[in-house]
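Below are the structure tokens for one structure; questions will follow.
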2 protein chains.
Amino acid sequence: MTGLARTPNQIGNLIRRTRKKRGLSQSQVGARAGLRQETISLIETGNPAAKLETILAVLAALDLEFRIVPRTKGTAADLEDIF
Amino acid sequence: MTGLARTPNQIGNLIRRTRKKRGLSQSQVGARAGLRQETISLIETGNPAAKLETILAVLAALDLEFRIVPRTKGTAADLEDIF
DNA sequence: GCGCAATATAGCAAATGGCGCATAAATGGA
DNA sequence: TCCATTTATGCGCCATTTGCTATATTGCGC
């Protein structure tokens, strides 16, 4: 599960899909990340003003991380280039 | 220029290095991103409470983007920005 | 349908971001 | 070294986060 993260909504969707794939509830992710279930909910629905450290905590709780890369058109070829 | 972005400091360092590579000042990036020079400064020094939308605006101004990927083992290349 | 877990919403307090404006400090080129 | 540019810091201000405690509401299995 990897993907572009250009907007808060894209980030939230990816977090939600990954969380479900891991079989975790928002509360469980919140416990791992030191955040409340409500905060996870807000992030997954695309809160653009979420704090950076909050997003990073959620990603870590899901064994995910950001990678900063040159902007691409998001093709499969672009992904191969990086991994 | 691609790199791990696991902490606010890593993100700030990558932004700064990319900005210099592009030959831009903080003010110029701020203008492109709709932010003040002071805000760019804070982000580059690793402000952990920066807003997600602010970070995304800066990345866009530098033709960068986030990619969300599974957490990796942190190779030397990934951690280059600590040197 | 029922019922329980999961998710979304609400009000309040504390904390903090980013802006405007100003200015100090650091950096770099000639 | 000098000076212009760049970067960092400070303060007041308003908006918004997140935590807390509760509570709707939705969703899913049976």
Side-chain angles (χ1 to χ4, degrees), chain A residues 1 3-68 70-71, chain B residues 1 3-66 68 71 80-83:
Chain A
M1 165 104 31
L4 290 181
R6 230 173 248 185
T7 70
N9 271 323
Q10 290 174 335
I11 293 174
N13 287 335
L14 247 154
I15 286 176
R16 172 161 293 179
R17 277 191 292 135
T18 303
R19 175 176 62 78
K20 299 213 163 178
K21 205 167 256 182
R22 303 263 196 281
L24 298 169
S25 68
Q26 290 180 346
S27 297
Q28 289 175 307
V29 172
R32 292 186 184 196
L35 299 165
R36 295 177 311 125
Q37 170 263 316
E38 295 86 335
T39 301
I40 310 296
S41 173
L42 283 173
I43 287 171
E44 289 187 354
T45 52
N47 175 11
K51 291 180 188 173
L52 176 60
E53 61 185 347
T54 304
I55 301 293
L56 292 172
V58 174
L59 292 182
L62 293 170
D63 287 306
L64 296 175
E65 68 187 7
F66 276 139
R67 227 164 239 276
I68 295 180
R71 238 170 200 245
Chain B
M1 161 138 349
L4 198 56
R6 217 174 262 184
T7 69
N9 271 324
Q10 290 174 335
I11 293 173
N13 286 337
L14 252 152
I15 286 175
R16 171 161 293 178
R17 280 193 292 133
T18 304
R19 175 177 61 78
K20 301 214 163 184
K21 208 166 255 183
R22 302 262 196 283
L24 297 170
S25 69
Q26 291 180 346
S27 297
Q28 289 174 308
V29 172
R32 291 187 184 195
L35 299 165
R36 297 181 310 141
Q37 171 263 317
E38 295 87 332
T39 301
I40 310 297
S41 172
L42 283 173
I43 287 172
E44 289 188 354
T45 52
N47 176 12
K51 291 181 188 172
L52 176 60
E53 60 184 348
T54 304
I55 302 292
L56 292 172
V58 173
L59 292 182
L62 292 171
D63 287 306
L64 295 175
E65 69 187 6
F66 276 139
I68 294 181
R71 233 163 143 91
E80 62 180 291
D81 57 313
I82 70 177
F83 299 115

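Computed over heavy atoms, backbone and side chain alike; hydrogens, waters and symmetry mates excluded. Letters A, B, ... are given to chains in the order of the sequence lines, protein chains preceding strands, and every chain is numbered from 1.
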Quiz item: What pairs with A:Glu53 under salt bridge (charged side-chain N to carboxylate O under 4.0 Å, His left out), at least two apart in sequence or on another chain?
Solution: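 So A:Glu53 forms no salt bridge (charged side-chain N to carboxylate O under 4.0 Å, His left out) with any residue.
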Quiz item: Counting any heavy atom closer than 4.0 Å, what does B:Gly34 reach on the DNA or RNA strands: base, sugar-phosphate only, or nothing?
Solution: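 Result for B:Gly34 = sugar-phosphate.
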Practice problem: Kindly indicate whether the side chain of B:Thr18, heavy atoms from C-beta on, has any atom under 4.5 Å from the side chain of B:Leu59. | Solution: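 The answer is no; the side chains never approach within 4.5 Å.
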Self-check item: OG1 on B:Thr39 to CD on B:Gln26, rounded to 0.5 Å
Solution: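 Taking CD in B:Gln26 and OG1 in B:Thr39, the distance rounds to 10.0 Å.
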Quiz item: Can you tell me how far OG1 of B:Thr54 sits from NZ of A:Lys51, rounded to the nearest 0.5 angstrom?
Solution: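 Interatomic distance, A:Lys51 NZ to B:Thr54 OG1, rounded to 0.5 Å: 12.5 Å.
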Self-check item: Beyond-backbone contact of A:Ile11 with A:Phe66, side-chain heavy atoms, under 4.5 angstrom
Solution: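 A:Ile11 reaches A:Phe66 side chain to side chain.
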Quiz item: Does any N or O in the side chain of B:Arg16 come within less than 3.5 Å of the main-chain N or O of B:Glu44, such that one atom is a donor and the other an acceptor?
Solution: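 The answer is no, because no donor-acceptor pair under 3.5 Å joins these two groups.
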Quiz item: In degrees, rounded to 10°, what is the bend between the two ends of the helix from C:dG1-D:dC30 to C:dA30-D:dT1, using five pairs at each?
Solution: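 Angle reported: 70°, given to the nearest ten degrees.
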Quiz item: In whole Å, what is the span from the CG atom of A:Leu56 to the P atom of D:dT18?
Solution: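 It works out to 12 Å between those atoms.
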Quiz item: Do the side chains of A:Gln28 and A:Arg22 get nearer than 4.5 Å, heavy atoms only?
Solution: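 Not touching, per the 4.5 Å side-chain cut-off.
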Quiz item: Heavy-atom distance under 4.5 Å between the side chains of A:Arg32 and A:Leu62, does that happen here?
Solution: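 A:Arg32 does not reach A:Leu62 side chain to side chain.
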Exercise. Whole angstrom is fine here: how far is it from CD in B:Glu44 over to P in D:dT9?
Key: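 Roughly 13 Å, once rounded to whole Å.
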Quiz item: Which residues within residues 35-43 of chain B lie with some heavy atom under 4.0 Å of an atom in DNA chain C?
Solution: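 Under 4.0 Å from DNA chain C: B:Leu35, B:Arg36, B:Glu38, B:Thr39.
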Exercise. Name the residue closer to the 5' end of DNA chain C, choosing between A:Lys20 and B:Pro48 according to the nucleotide with the nearest heavy atom.
Key: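 In this pair, the answer is A:Lys20.
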Exercise. Between D:dT7, D:dT17, C:dA6, spot the one nearest the side chain of A:Ser25, thanks.
Key: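 Of all the options, the side chain of A:Ser25 is nearest to C:dA6.
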Quiz item: Taking C-beta and beyond as the side chain, do A:Leu52 and B:Pro8 meet within less than 4.5 Å on heavy atoms?
Solution: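 In short, these two side chains touch, coming nearer than 4.5 Å.
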Exercise. Return the value, rounded to whole Å, for the distance between atom NZ of B:Lys51 and atom P of C:dT16.
Key: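 These atoms are roughly 14 Å apart.
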Quiz item: Among C:dG18, C:dA8, D:dT7, which nucleotide sits nearest the side chain of B:Ala50?
Solution: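 The listed nucleotide nearest to B:Ala50's side chain is C:dG18.
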Practice problem: Tell me whether the OP1 or OP2 atom of C:dA6 has a side-chain N or O from A:Arg16 closer than 4.0 Å. | Solution: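 A:Arg16 to C:dA6 OP1/OP2: no side-chain N or O under 4.0 Å.
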Quiz prompt | Side-chain N,O (A:Asn47) to OP1/OP2 (D:dT16) below 4.0 Å | solution =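 Looking at the OP1 and OP2 atoms of D:dT16, neither is under 4.0 Å from any side-chain N or O of A:Asn47.
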Quiz item: B:Gln26 has an atom CD; how far is it from atom C1' of C:dT27, in whole Å?
Solution: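 Roughly 12 Å, once rounded to whole Å.
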Quiz item: Can you check whether B:Ser27 has a side-chain N or O nearer than 4.0 Å to OP1 or OP2 of D:dT7?
Solution: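 So the side chain of B:Ser27 is outside the cut-off, no N or O lying under 4.0 Å from OP1 or OP2 of D:dT7.
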